[in-house]
Amino acid sequence: MSTISNNLHIYNSLNGQKEKFEPIHKDKVGIYVCGPTLYSEPHMGNMRTFINFDLIYRYLLKLGYQVKYVRNITDAGHITNSAGEDVDSIGKVAKLEQVQSLEIVYKYNVKFQELQRIYNMLPPSIEPTATGHIQEQIEIIEKIIENGLAYEVNGSVYFDVRAYGEKFEYGILSGRKVDELAEETRTLNAQDEKRFFADFALWKKANPDDMQIWRSPWGDGNPGWHIECTAMSTKYLGNHFDIHGGGMDLKFPHHEDEIAQNCGALGCNPAKYWMHANMLNVNGQKMSKSFNNYFLPKEIIEGTTNVFEKPYPANVLRFCMMQAHYRSTLDLSSDSLNAAEKGFDRLSEAISKLDKLPIADSSSLDVKALVNSYYNAMDDDFNAPMLQAQLFESVKYINSISDGNATITVDDLSLLTTEMHSFVYDVLGLEMSSQQDDSKLDGVMDLVLNLRQQARTNKDWTTSDQIRDGLATVGIVVKDGKDGTSWK
RNA sequence: GGUCUCGUGGCCGAGAGGCUUAGGCACCGGUCUGCAAAACCGAUUACAGCGGUUCGAAUCCGCUCGAGACCUCCA
């Protein structure tokens, strides 16, 4: 069936099990990820989800799949709080700043795009917007009504969960039972319009002061907050596609309702595999705008958070995140970031040594097995921490070769170099800091180190150390090895 | 209150019945070095608690304690 042989297994949230990945269409993968609502600058927790799905996208590309990666941008506020309150988050900010909703979205989208570049995320194949797909959303709602699974009341349209439950199972993703939901749900107001407490809005009649209003067969209003994903995912990927992803917190109700809408309109679950990325914690609690415990991705890089004492490069953040599995929560702290920074340096340094290694007639280590372990790690539900462990095994090997305690053949070195570069740069999406070449600086450093070497030959340790310490203050580390002095 | 997840050494974090002392960082000893740093070699510290299943459990089951997520906008 597939010409790409893979042993990739993905944890499917639908059944809580790891399943062998078989794409629906030969050699192609369609993936949809719920993107940000742009009423403010995305914080570090938001970024973790996108970075994790970037990793997943990158590995699928690495395996050779033709991947269509769709990640939406939510630029329409939703007015569908069960309490009937106005929760148009975008409109709220727009009113506050006295501008139009789309100005807010545009402003933060520019920042979001910038962050994607800074954190070295590959751009998705397409980033559709909710407001650009109002017509498609209306059409899906009409289909659901035609199928008898939604009803109109007073200019609003609601999904009929009880009717749906006769043909499909509501709650298959989150494991919730409708009758249990009744007891769980907290006190609700403004339920009068709905026939059943669990029904959710597909279309909501406009309030006079809404910032954005659209025309529909049911009058002026706004789309509900799950319908955009159904409209956009199916438009670009078809009724049934391979992977649907998002943050853990979207599992219920957002993804559950997406499944219901898709089944209700098109008769099938939109995705074969559902993937959920876990949260980023701060001091053990989810980073969240509502908890006000968040910091911005740029603040970490600039060192302006209240949490960390010093700035960390985007690469270190990425590296640190890759030390935890995407389904685990991750607690960011100074300690974990410092550890990541050092580890990342060690990895970078070993990689820069690759083209300077001595060649031998035989290899003292099974390089093919080592390289295979990279694939095995990622094949096991994108286990990036395991991949890192294997990369550090490689670092150890490289350092040993460099020190003359291990050997490698030309072919093995070529294989190791190719695959390490590929996994570090292309899959983990890390960029090596030591890559910039500056021939002027090289010249200067040669001169300075020569002077220092003269001093050392004369046993003038004061001068020698003065040079070393001086260089250290501008961030250049001098290392005296057996074969002379090097710097970085 | 309901649903679910998780508790691993000083810290961060993999592993999911024996084939792992995962890995990173820190700490300690050694080699190298004028001294450092780096690198290499080595040592140490562990599976929340209590029971059960098993020849064998961090891994399965039960209970207890603790933490978190979702049930309302959220990545």
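Nucleotides B:G29 and B:U45 have their C1' atoms positioned 16 Å apart, rounded to a whole Å. For the C1' atoms, the distance linking B:U21 with B:U8 amounts to 14 Å, nearest Å. Nucleotides B:U20 and B:A36 place their P atoms 38 Å apart, quoted to the nearest Å. Comparing B:A48 with B:C41, their P atoms are spaced 31 Å from each other, to the whole Å. Rounded to whole Å, the separation between the C1' atoms of B:G15 and B:C74 comes to 32 Å. Separation of the P atoms belonging to B:G13 and B:G51 is 30 Å when rounded to the nearest angstrom. Comparing the same atom, P, in B:G10 and in B:G66 gives a spacing of 22 Å after rounding to whole Å. On the P atoms, B:G24 is 9 Å away from B:C40, given to the nearest whole Å.
A:Q323 places its CD atom 7 Å from the C1' atom of B:C12, with the value rounded to the nearest Å. One interatomic measurement links the two molecules: CD of A:E349 to P of B:A39, which rounds to 7 Å at whole-angstrom precision. Protein atom CG of A:D380 is 19 Å distant from nucleotide atom P of B:G13, rounded to whole Å. If you measure from atom CH2 of A:W225 to atom C1' of B:C74, you get 9 Å, rounded to the nearest angstrom. One atom, OH of A:Y397, and another, P of B:C41, lie 13 Å apart when rounded to the nearest Å.
When distances are taken from the side chain of A:D335 to each of B:C40, B:C11, B:A75, the shortest belongs to B:C11. The listed nucleotides are B:G24, B:A14, B:A75; the one nearest the side chain of A:H43 is B:A75. Distance from the side chain of A:N399 is smallest to B:A39 among B:A39, B:C35, B:G23. For A:L330, counting side-chain heavy atoms from C-beta on, the closest listed nucleotide (B:A38, B:C12, B:G34) is B:C12. Of the candidates B:G34, B:A14, B:C40, the closest approach to any side-chain atom of A:H325 belongs to B:A14. Picking from B:A14, B:C35, B:A75 the nucleotide with the shortest atom distance to the side chain of A:N46 gives B:A75. For A:R452, the listed nucleotide lying nearest its side chain is B:C35; candidates were B:G24, B:C35, B:A14.
Nucleotide B:G7: paired with B:C65 (Watson-Crick or G-U wobble, both distances less than 3.5 Å). With a 3.5 Å ceiling on both atom-pair distances, the Watson-Crick or G-U wobble partner of B:C70 is B:G2. With a cut-off of 3.5 Å on both Watson-Crick or G-U wobble distances, the partner of B:C35 is given as none. Across every strand in view, B:A26 sits unpaired, with no contact that passes the Watson-Crick or G-U test at under 3.5 angstrom. Across all strands shown, B:C47 forms no Watson-Crick or G-U wobble pair with both key distances under 3.5 Å. When Watson-Crick and G-U wobble pairs are counted only if both distances are under 3.5 Å, B:G18 pairs with B:C55.
Counting any heavy atom pair closer than 4.0 Å across all strands shown, A:L280 reaches a base atom. Within the 4.0 angstrom heavy-atom criterion, only backbone atoms of the sugar-phosphate kind lie near A:A324; the bases stay farther away. Using a 4.0 Å heavy-atom criterion, one finds that A:V33 contacts no nucleic acid atom at all. Backbone-only contact: A:Q285 has heavy atoms under 4.0 Å from sugar-phosphate atoms and none from a base. Using a 4.0 Å heavy-atom cutoff across all strands shown, A:S464 reaches at least one base atom of the nucleic acid. At a threshold of 4.0 angstrom between heavy atoms, the contacts of A:H276 with the nucleic acid are absent. Residue contacts for A:M287: at a heavy-atom cut-off of 4.0 Å it reaches a base atom on one of the strands shown. At the heavy-atom level, A:Q390 lies nowhere under 4.0 Å from the strands shown. Among the atoms of the strands shown, only primed sugar atoms or phosphate atoms (P, OP1, OP2) are found under 4.0 Å from some heavy atom of A:G246. A:N338 comes within contact range of no nucleotide atom at all, as no heavy-atom separation falls under 4.0 Å. A:T49 comes within 4.0 angstrom of a base, heavy atoms only. If you check every strand for non-hydrogen atoms under 4.0 Å, A:K396 touches sugar and phosphate atoms only.
A distance of 6.0 Å or more separates the ring centres of A:H226 and A:H255. For A:Y32 and A:Y69, the ring centers are positioned 6.0 Å apart or more. Centroid-to-centroid, the aromatic rings of A:Y108 and A:Y39 stay 6.0 Å apart or farther. Taking the six-membered ring for Trp and the full ring otherwise, A:F423 and A:Y375 have centroids separated by under 6.0 Å. Separation of the A:F241 and A:Y273 ring centroids does not fall under the 6.0 Å cut-off.
Residue A:Y294 holds its OH atom at 7.0 Å from NZ of A:K289, rounded to the nearest 0.5 Å. Between the CD atom in A:E341 and the NZ atom in A:K310 there is a gap of 3.5 Å [rounded to 0.5 Å]. In this structure, CG on A:N405 lies 10.5 Å from CG on A:N399, to the nearest 0.5 angstrom.
One finds no side-chain N or O of A:R468 lying less than 4.0 angstrom from the OP1 or OP2 phosphate oxygen of B:A38. For B:A39, one of the phosphate oxygens OP1 or OP2 lies less than 4.0 angstrom from a side-chain nitrogen or oxygen of A:R346. Contact between the side-chain N/O atoms of A:N383 and the OP1/OP2 oxygens of B:G15 is found at a separation under 4.0 Å. Contact annotation: A:S174 does not reach the phosphate of B:U3 (side-chain N/O to OP1 or OP2, under 4.0 Å). Contact between the side-chain N/O atoms of A:K479 and the OP1/OP2 oxygens of B:A36 is not found at any separation under 4.0 Å.
Nearest approach of A:H325 to A:R48, heavy atoms of both residues: O-NH1, 3.7 Å.
Residue A:D480 places a side-chain atom within donor-acceptor reach of the base of B:C35, judged by atom type and a 3.5 Å distance cut-off alone. On a pure distance criterion of 3.5 Å, no polar donor-acceptor pair joins the side chain of A:N458 and the base of B:G34. Below the 3.5 angstrom threshold, one finds no donor paired with an acceptor across the side chain of A:K289 and the base of B:C73. Contact of A:R176 with B:C70 (side chain to base): a donor-acceptor pair of N or O atoms is detected under 3.5 Å.
With centroids closer than 5.5 Å and planes inclined by less than 30 degrees as the test, A:W461 and the base of B:G34 pass as a stacked pair.
Of the residues listed (A:H133, A:E228, A:E127), the one engaging A:N72 in a side-chain hydrogen bond (donor to acceptor under 3.5 Å, both in side chains) is A:E228, and it is the only one.
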